[in-house]
Amino acid sequence: MQNRLIHWSRIWDLMERTDSKNHPVPFQMKFVKSSNGEVREYKSCILTSIHSKGDTINVLPEGELRPRTILKVLIIEFNQNRVYI
């Protein structure tokens, strides 16, 4: 069980991190699907775009070819830390 918490506003900067070669740093996340309430987890994904004035982000899960769009407020875990608003 996770003991650590991270505020929702902090995860956007962490998602945008890059390494020394300017490659995106992968992260883990869990979110709730708005269509059916199912909890999904991406063990490793990278941010492809963030809509700072919008409600969504696009992430590319490891091993997939197309980015997935996720509502920001439905993210419940980031790098094994529970997300709170």
Side-chain angles (χ1 to χ4, degrees):
M1 176 175 246
Q2 299 90 2
N3 295 336
R4 297 170 47 171
L5 298 173
I6 186 168
H7 192 270
W8 184 76
S9 64
R10 290 194 55 224
I11 63 177
W12 318 125
D13 289 335
L14 297 173
M15 286 181 177
E16 292 178 319
R17 289 183 305 170
T18 58
D19 63 16
S20 61
K21 296 179 183 175
N22 209 28
H23 295 118
V25 174
F27 53 87
Q28 173 271 344
M29 67 181 287
K30 281 186 185 178
F31 62 97
V32 178
K33 289 180 65 174
S34 60
S35 61
N36 60 8
E38 174 188 355
V39 175
R40 301 279 316 263
E41 179 177 12
Y42 294 145
K43 294 192 184 285
S44 180
C45 59
I46 58 170
L47 183 71
T48 59
S49 63
I50 188 166
H51 307 268
S52 60
K53 293 185 180 181
D55 297 334
T56 61
I57 60 170
N58 291 331
V59 297
L60 182 62
E62 183 176 44
E64 295 192 21
L65 301 175
R66 293 183 45 213
R68 305 292 179 167
T69 300
I70 299 169
L71 286 168
K72 292 178 183 178
V73 297
L74 297 181
I75 298 170
I76 59 172
E77 184 179 292
F78 180 79
N79 286 341
Q80 287 80 41
N81 296 304
R82 292 182 63 189
V83 174
Y84 71 97
I85 295 179

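Counting heavy atoms from C-beta outward, V32 and V39 have side chains that approach closer than 4.5 Å. A heavy-atom distance below 4.5 Å is found between the side chains of E77 and Q28.
Applying the under-4.5 Å side-chain rule to Ile, Leu, Val, Met, Phe, Trp and Tyr, the cluster around Y84 extends to L5.
Both Y42 and V83 are members of a single hydrophobic cluster when ILVMFWY side chains are connected at heavy-atom separations under 4.5 Å.
R66 CZ to N58 CG: the interatomic distance, rounded to the nearest 0.5 Å, is 10.5 Å. With rounding to the nearest 0.5 Å, the separation of NZ in K30 from CD1 in I76 is 6.5 Å.
Across every non-hydrogen atom of L47 and S49, the tightest pair is CD1-O, 3.4 Å. For S34 against L74, the heavy-atom pair with the smallest separation is CB-CD1, 3.6 Å. Taking all atoms of both residues into account, the shortest heavy-atom contact from V59 to I70 is CG2-CD1, 3.6 Å. For H7 against I85, the heavy-atom pair with the smallest separation is NE2-C, 3.7 Å.
Among the candidates D55, I57, I11, the single residue satisfying the side-chain contact (heavy atoms from CB on, under 4.5 Å) test with K72 is I57.
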Are L71 and T56 close enough, and set up right, to give a side chain to side chain contact (heavy atoms under 4.5 Å, CB included), and what steps lead you there?
CA-CA 4 Å; L71 286 168; T56 61; 3.7 Å; yes

Please list, one pair per line, the donor and acceptor atoms closer than 3.5 Å that link side chains of residues 12-27 to other protein atoms, with sequence neighbours excluded.
residue: W12; atom: NE1; partner: W8; partner atom: O; Å: 3.4
residue: R17; atom: NE; partner: L14; partner atom: O; Å: 3.2
residue: T18; atom: OG1; partner: N22; partner atom: OD1; Å: 3.3
residue: D19; atom: OD1; partner: K21; partner atom: N; Å: 2.9
residue: D19; atom: OD1; partner: N22; partner atom: N; Å: 3.1
residue: D19; atom: OD1; partner: H23; partner atom: N; Å: 2.8

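Ionic pairing of K43 and E41 is present here: one or more N-O contacts between side-chain nitrogen and carboxylate oxygen are shorter than 4.0 angstrom.
Applying the side-chain contact (heavy atoms from CB on, under 4.5 Å) rule to E38 yields the partners K33, N36, R40; only residues at least two apart in sequence or on another chain are considered.
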